[in-house]
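Working notes, structure below.
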Amino acid sequence: AVRLAFFVGLPTVMGGYYFYKIATPMYATDSQFLIIQNEGTGGLGPLGGLLPTQFANSADSIATQSYLQSKDAMLRLDRDVGFMKHFSNPEIDPIQRMNPDASNEEAYKFYKDNVKIGYDPTEGVVRMEVIAADPIVATDFSKALISYAEERVDELSQNIRNDAMEDARRNLERAKVERREAQENLIRLQEVYSADPTEQLAALRTQITSYDQQLLEKKLALQALLDNPRPNQAKVDGARGDVRRLQDVLTGLNARMIEADSSGLSLVQQSTEIELARADLATADAFLQSALQGEKQAALGAGRQVRYLTVPVRPIASDAPSYPRKFENTVLAFLIFSGVYLMVSLTSSILREQVSN
């Protein structure tokens, strides 16, 4: 009985006295938030703004939870609302109080003990409990952590949007550059050749066709005169002169088409360059239109990947302390000391029996 009183009863009484009389009451603030993903189409179409959203994948929620449980979040919480200063307050009992000169590692242990975050994959909800010696402070800590989570979700969404838009924007910029180069090349050729060689070439071909028709008619007329047994020589000479003059004109027109001018190129070559430049410009226009459409599609796809953080259970200051749980902790202390005493007693009995044997 004395041993039980000394090794079990007295420690249990001391533990109960600490929980009931000495331990600083701690207030817990509960909150819940979840991350949802926009599955709408950005307002396009009659039902674009009415399409539902769905829960974001668990990776986003787990990433947000990991950030809130990280040392980075603890340091930021300390800078913004004084986490270390609060838990090193002399009014807190020595067991729950943090050393004012505690290192970041020691402070991080306090942080993990007093900021409890869990993710429920079945509901997609992140539950958070923040414990502090003052209910207002616990609520402030909880609100600050939720704001950090919102910023983290915004960063995740921005990263997704940037990744989705980066290639589309790069393709669009390249298409714009190529289109500008094609247009500048066409303008440069038009300035070098002053007049449009394509139009000049078309005009020459029209003239050649006309003179070819006239030449054919004159040759037929000359042949008709020659078929006469006694043709009129004057008419024959006139017809031959007309044929010769038409052939000279055609030779000159053909020469204008294939002979190089001051630019070093013939009219046919100039027209070919102009047509190629126009084809390049048309191709660049088609690529630009395709790039613009691709950017719009990428923007719509990125808009459907936006994440939002919603808080269904907001932090509210508690009006009663949640910790320590005095009765439960006292019973737990009794069970622990009883278990230790039982183990020690059994071990001692076994050792005595072996020694006596």
- Note on the structure: Apart from L292 itself, its cluster of hydrophobic side chains linked below 4.5 Å comprises L172, L288
Point-to-point distance, once rounded to the nearest 0.5 Å, from [atom1] of [X] to [atom2] of [Y]:
X    : Y    : atom1 : atom2 : result
Y67  : L145 : OH    : CG    : 9.0 Å
Q32  : I146 : CD    : CD1   : 10.0 Å
T29  : E129 : OG1   : CD    : 8.5 Å
R278 : D280 : CZ    : CG    : 12.5 Å
E150 : F33  : CD    : CZ    : 9.0 Å
R325 : M26  : CZ    : CE    : 13.5 Å

- Starting from the C-alpha separation in whole Å, work towards a yes-or-no answer on side-chain contact (heavy atoms from CB on, under 4.5 Å) for N104 and L75. CA-CA 8 Å; N104 290 336; L75 294 175; 3.7 Å; yes
- Task: Determine, for E173 against R170, whether the closest basic-nitrogen to carboxylate-oxygen distance falls under 4.0 angstrom.
- Result: no
- Message: Check this for me, if you would: do D140 and K143 make a salt bridge, where the nitrogen-to-carboxylate-oxygen distance has to be below 4.0 angstrom?
- Response: no
- Message: So, using ring pair (Phe, Tyr, Trp, His ring centres under 6.0 Å) as the criterion, who are the partners of F83 when residues are at least two apart?
- Response: F87, Y111, F141
- Query: Going through the distances and angles, do V153 and T64 end up as a side-chain contact (heavy atoms from CB on, under 4.5 Å)?
  - Reply: CA-CA 7 Å; V153 171; T64 304; 3.9 Å; yes
- Item | Pairing residues for N185 by the side chain to side chain donor-acceptor pair (under 3.5 Å) criterion, not counting sequence neighbours | R188
- Message: Hydrogens and angles aside, do Q289 and D285 bring a side-chain donor and acceptor to less than 3.5 Å of each other?
- Response: no
